[in-house]
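This is a predicted model, so every value here is computed, not measured. A note on names: the letters A, B, ... follow the listed sequences, proteins ahead of strands, and every chain is numbered from 1.
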Number of protein chains: 2
Amino acid sequence: MNASDLMTIREMCDAFDVTPRTLRFYEAKELIRPERQGSRRLYSRRDRARLKLILRGKRFGFSLEDIRQMLNLYAREGSNLAQMQSTYDLARERLRLMEDQRDELEIAIAELKAELDAGAMMIAAARAAD
Amino acid sequence: MNASDLMTIREMCDAFDVTPRTLRFYEAKELIRPERQGSRRLYSRRDRARLKLILRGKRFGFSLEDIRQMLNLYAREGSNLAQMQSTYDLARERLRLMEDQRDELEIAIAELKAELDAGAMMIAAARAAD
DNA sequence: AACAAAGTTGACGTTAACGTAAGGCATAAC
DNA sequence: GTTATGCCTTACGTTAACGTCAACTTTGTT
């Protein structure tokens, strides 16, 4: 990080634990827009903030396309009510999906555990009969 | 289901809520082996049992390849200790993965909820200032 | 000047689990 | 006999998020 607060692609990769390919990919998908010094990309503080949001979105299970839309809404006019609302709705929907997924997972875990208990008994039986 | 207990592909689809493509795909992947009457597939009780196991495996998050191996182990010699053990190990590993996934999901849900609460307040504020 | 290190732009490859035609028998109904 | 189904095989298409070259240009180092 130099005086003007700009970072090279490698510094970004080290800082956020991503590959150059990933950063270029996000740029191609219009999720970030680093400035250029000649042909080299230089990432500003703002770019880093966006990347943070992107990575967080991914942890939440949003697709890059979802994230792009939310970022654009966010950026265009921070105070547009309708846009904030639609971002909000999107997030709520995602939350429901995540909760459903968690519930299904919980059920599957319980079932698999039961299965394993039964299987463990069968293995023990086979071993005993050996 | 006729006298000999065999079902056509369509009956199978209706019974298990899958598409013909799916059944043929599973067959190509050597997960099921329906007999033929001419070129037509006919599914036996045994095939249905396997399909049940396949679908259950999918709910557990196993890949078709995992499932294939487990079915083969299961079928070859029901009482081979080493084989049962490896199936068991695979299942235990999968269980761990599922539990990890559930935990991460739980965290992400909590984070997203917090985010939404904050967002809700901002929207409310914007609406009030409107 | 010469060479290595870092960055750039294409562009094809990967993975899983099917979807989706396209074109062709075959059997069942009318 | 012919239309209407139903089934068959073959094979390319799909989706997401990058990975993995290849072939250059640019920059830094000695």
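- Taking only side-chain nitrogens and oxygens, A:Tyr26 comes nearer than 4.0 Å to OP1 or OP2 of D:dC18.
- Rounded to whole Å, atom C1' of C:dA5 lies 15 Å from atom CG of A:Asp14.
- Nearest nucleotide to the side chain of B:Arg21, out of D:dT9, D:dC18, C:dC18: C:dC18.
- The CZ-P distance, from B:Arg36 to D:dC8, rounds to 6 Å in whole Å.
- Taking 4.0 Å as the cut-off between side-chain N and carboxylate O, A:Lys113 and B:Glu99 count as a salt-bridged pair.
- A sub-4.0 Å separation between OP1 or OP2 of D:dC7 and a side-chain N or O of B:Arg10 is present.
- The NZ-P distance, from B:Lys58 to C:dA17, rounds to 7 Å in whole Å.
- Counting to the nearest Å, the P atom of C:dA17 and the CD atom of B:Glu65 are 9 Å from each other.
- Open room surrounds CZ on A:Arg92; 12 or fewer heavy atoms of other groups in view lie less than 6.0 Å from it.
- The OH-C1' distance, from B:Tyr43 to D:dG6, rounds to 14 Å in whole Å.
- The existence of a salt bridge linking A:Arg96 and A:Asp100 is excluded, since no basic side-chain nitrogen approaches an acidic carboxylate oxygen closer than 4.0 Å.
- Remark: C1' of C:dA16 and CG of B:Asp66 are 12 Å apart, rounded to the nearest angstrom.
- Using a 4.0 Å cut-off, no side-chain N or O of A:Ser39 falls inside it from OP1 or OP2 of C:dT9.
- Closest-nucleotide positions on DNA chain D for A:Arg40 and A:Lys29 were compared, and the one nearer the 5' end corresponds to A:Lys29.
- Spacing between atom CZ of B:Phe25 and atom C1' of D:dG13 amounts to 14 Å, rounded to whole angstrom units.
- Atom-to-atom, CD of A:Glu27 to C1' of C:dG7 comes out at 12 Å; the value is rounded to the nearest Å.
- Residue A:Pro34 comes nearest to A:Leu42 through the heavy atom pair CB-O, 3.4 Å, listed as atom of the first residue, atom of the second, then distance.
- Every residue meeting the salt bridge (Lys or Arg N to Asp or Glu O under 4.0 Å) condition with B:Glu115, not counting sequence neighbours, appears here in chain and number order: A:Arg56.
- Contacts of A:Arg24 with the nucleic acid, taken as non-hydrogen atoms under 4.0 Å apart, include base atoms.
- The side chain of A:Thr22 lies closest to D:dG19 when the candidates are C:dT8, D:dC7, D:dG19.
- Nearest to the side chain of A:Thr8, among C:dG7, C:dT20, C:dT8, sits C:dG7.
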